Amino acid sequence: MSQTLTFLCISTFFKGNDFLRACKSAGNTVFLLTAKKLEHKPWARDSVDEFFYVEERENGQYDMDQIITGLAFVMRSRPVDRIVALDDFDVEKAAHLREYFRIPGMGQTTGRYFRDKLAMRTKAAESGILVPGFSSLFNDEEINRFIDKYPGPWMIKPRSEASATGIKKMHNVDELWETIHSLGDNRHAYLVEQFKPGDVYHVDSISYNGRVIFLWNSKYLSPPFDVAHGGGIFRSVTVPFDSSEEHALETLAVDLLKAFGLRHSASHTEVIRCHDDGKYYFLETSSRVGGANLSEMVEASSGINLWKEWAKMETAEAKGEGYKLPPLRKDYSGIIISLTRQEYPDLTQFADPEIVWRMEEPYHIGLVVRAQTREKVMELLDKYAEIIQQDFHASAPAPERPTH
């Protein structure tokens, strides 16, 4: 009988139930470290052997010394074999704990490539991967050289927030400097990047033994920044199979994850194809499953549940056993999500047989559709966008910090 391994999962947002269930089903002991305020969320409790709750500080940060002391106490009687970060904000915590307790997995240096937008851009550029022009905000002269080289508009981005949170767009030099100065003593935690209009894609993947073994390409019909800051409707659709788009995205993602040294993890990478030159530029990546329910969309078209396969792969790797992906399907899928004016919108008019998933969250509407052709998926997404815009859509200002 193979040994039982103990996985400590860290998730400071409510997500990852599929991972917890698959991890438990694989015969592991599962611990979950999460925020005290999430204690009463509908976690997959039958798949979690023990919960550990942490009180957040006012700024949303955690006291890592307190977590280390707590985990050290737990490990006196219950050894931990692997630590898995289920959300972007947990990547650093997990890397810190692995290094401290010498637990195998991604350490802090590699972890930075998947959290710190300055580290990931610098590493990508050094590795010969195209990135939009960027600069740290450490030095005024360097920023002026960047402005001279890369005409506006520009984006100021926090180095380690997830999604489109905290991003600001500037159109002229005075506005840019005003924004930089407004950051005060915190400006080192941001970077500036040239804004390049284009189509934004996401590549969702699984890496095992340093190789990308699964990769799925999709295109945002409305980029996350536009949705967060313009109050739009979020939509994404599978990229045409065997197209030049698919090949370009796969090449970039594989080169990138190899350069960043990702060994065993799910990953979500964003790429922009610029309108002015048609080239593909790296935007950002992460060592977790993509947010905004994109995993449901990927599963609809590929048959692969990223959360479950990640858990199975991590278990196989930890036990020194082989891991093989289940068979793939190749359908097209699309997702549409919007805030709604109604707390529980009436979705009876959305009755097409192609609908395979519905979001169940107050003040939200969300649907995933699957079809054999991309044209059918696009036709449905366009139809739904029109109905949602007219009957349901609401918008809220973009938060300064993530709230999901």
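The structure presented is a predicted model; accordingly, all values stated were derived computationally and were not measured.
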Note: H393 and S338 closest approach over all heavy atoms is ND1-OG, 2.8 Å

Where T179 and K168 come nearest, the two heavy atoms and their spacing:
CG2-CD, 4.0 Å

Would you call D81 and K319 a salt bridge, taking side-chain N to carboxylate O under 4.0 Å as the test?
no

Can you list every side chain to side chain donor-acceptor pair (under 3.5 Å) pair that touches residues 26-41, not counting sequence neighbours?
N28-T315, K36-E39, K37-E56

Is the backbone of Q342 close enough, under 3.5 Å, to the side chain of T340 for a donor and an acceptor to pair up by distance?
yes

Tell me, please, which residues at least two apart from Y150 pass ring pair (Phe, Tyr, Trp, His ring centres under 6.0 Å).
F146

Contact check, side chains of L20 and F7, non-hydrogen atoms, under 4.5 Å
no

Got L367 and L381 here, is their nearest side-chain heavy-atom distance under 4.5 Å?
no

Backbone N/O of M106 and side chain of R263: donor-acceptor pair under 3.5 Å:
no

Between P197 and I272, the two heavy atoms sitting closest are C-CD1, 4.3 Å

L33 and its side chain to side chain contact (heavy atoms under 4.5 Å, CB included) partner, picked from I83, L8, L86:
L8

Run the side chain to side chain contact (heavy atoms under 4.5 Å, CB included) test on I355 and F350 for me, step by step, so that the C-alpha distance in whole Å, both residues' side-chain angles and the decisive distance to 0.1 Å come before the verdict.
CA-CA 8 Å; I355 296 172; F350 300 97; 3.8 Å; yes

I'd like to check T110 versus F260 (side-chain heavy atoms, cut-off strictly below 4.5 Å). Are they in contact?
no

Counterpart residues, ring pair (Phe, Tyr, Trp, His ring centres under 6.0 Å), relative to Y344 (two or more places apart)
none

May I have all residue pairs that pass ring-ring contact (aromatic ring centres under 6.0 Å, His included) and include part of residues 314-336, sequence neighbours excluded?
Y208-Y323, F241-Y332

Taking the side chain as every heavy atom from C-beta outward, state whether Y190 and I180 have any pair of such atoms under 4.5 Å apart.
no

Tell me, please, which residues at least two apart from H181 pass ring pair (Phe, Tyr, Trp, His ring centres under 6.0 Å).
W177

On a heavy-atom basis, which atom in A351 and which in T348 lie closest, and how many Å separate them?
CB-O, 4.0 Å

Looking at R273 and E245, is any side-chain nitrogen of the basic one under 4.0 Å from a carboxylate oxygen of the acidic one?
no

If you count every heavy atom of other residues, nucleotides or ligands that lies below 6.0 Å from R98 atom CZ, does the total exceed 12?
yes

Ignoring hydrogens and geometry, is there a side-chain-to-backbone donor-acceptor pair from E99 to Q108 under 3.5 Å?
yes

How would you list, by chain and number, every residue that makes a ring pair (Phe, Tyr, Trp, His ring centres under 6.0 Å) with H268, sequence neighbours excluded?
H202

CG on L130 to CG on D277, rounded to 0.5 Å
8.0 Å

Apply side chain to side chain contact (heavy atoms under 4.5 Å, CB included) to the pair H96 and I68, showing each step before the final yes or no.
CA-CA 9 Å; H96 189 135; I68 285 171; 3.6 Å; yes

Cationic N near anionic O, under 4.0 Å, R288 to D87:
no

Nearest non-hydrogen partners of D88 and S286, listed with the distance:
OD1-CB, 3.3 Å

Residues two or more places apart in sequence or in another chain: which of them pass side-chain contact (heavy atoms from CB on, under 4.5 Å) with E343?
P362, Y363

Any donor and acceptor pair, going by atom type alone, linking the side chain of D49 with main-chain N or O of F31 inside 3.5 Å?
no

Side chain to side chain, N293 and V368, heavy atoms closer than 4.5 Å:
no

Can you list every side chain to side chain donor-acceptor pair (under 3.5 Å) pair that touches residues 365-385, not counting sequence neighbours?
R235-D382, D352-K383, D352-Y384, K376-E379

Set of residues satisfying side-chain contact (heavy atoms from CB on, under 4.5 Å) with respect to T122, sequence neighbours excluded:
L118, E126, F134

Which residues share a salt bridge (charged side-chain N to carboxylate O under 4.0 Å, His left out) with D199, sequence neighbours left out
K219

Take a 6.0 Å sphere around OH of Y100 and say whether it holds more than 12 heavy atoms from other residues, nucleotides or ligands.
no

Under 4.5 Å between any side-chain heavy atoms of L328 and F214, yes or no?
yes

Quick check: do M64 and L97 have side-chain heavy atoms less than 4.5 Å from each other?
yes

Return all side-chain donor-acceptor pairs below 3.5 angstrom for residues 295-307, not counting sequence neighbours, or 'none' if the list is empty.
| from | atom 1 | to | atom 2 | distance (Å) |
| --- | --- | --- | --- | --- |
| E299 | OE1 | N305 | ND2 | 3.2 |
| S301 | OG | W216 | NE1 | 2.7 |
| S301 | OG | M297 | O | 3.4 |
| S301 | OG | V298 | O | 3.3 |
| S301 | OG | S333 | OG | 3.2 |
| S302 | OG | V298 | O | 2.7 |
| S302 | OG | I304 | N | 3.0 |
| N305 | OD1 | W307 | N | 3.0 |
| N305 | OD1 | K308 | N | 3.0 |
| N305 | ND2 | D18 | OD2 | 3.0 |

Short question: side chain of D204, backbone of V289 - any donor-acceptor pair under 3.5 Å?
no

Decide whether a cation-pi geometry holds between R115 and F89; the criteria are a distance under 6.0 Å from NZ or CZ to the six-membered ring centre and an angle within 45° of the ring axis.
yes

On a heavy-atom basis, which atom in M170 and which in I156 lie closest, and how many Å separate them?
CE-CG1, 3.0 Å

Within a radius of less than 6.0 Å around CZ of R329, do more than 12 heavy atoms belonging to other residues, nucleotides or ligands occur?
yes

Just wondering, do S136 and E142 contact through their side chains at under 4.5 Å, heavy atoms?
yes

Keeping S243 on the side-chain end and E246 on the backbone end, is there a donor-acceptor pair under 3.5 Å?
yes

Okay, side chain of N139, backbone of E141: is any donor-acceptor separation there less than 3.5 Å?
yes

Take V30 and S47, measure what side chain to side chain contact (heavy atoms under 4.5 Å, CB included) needs, and give me the verdict at the end.
CA-CA 7 Å; V30 180; S47 299; 5.9 Å; no

Less than 3.5 Å apart, which donor and acceptor atoms pair up between the side chains of residues 248-258 and the rest of the protein, not counting sequence neighbours?
| from | atom 1 | to | atom 2 | distance (Å) |
| --- | --- | --- | --- | --- |
| T251 | OG1 | H247 | O | 2.8 |

Below 4.0 angstrom, N of the basic side chain to O of the carboxylate: do R121 and E193 qualify?
yes

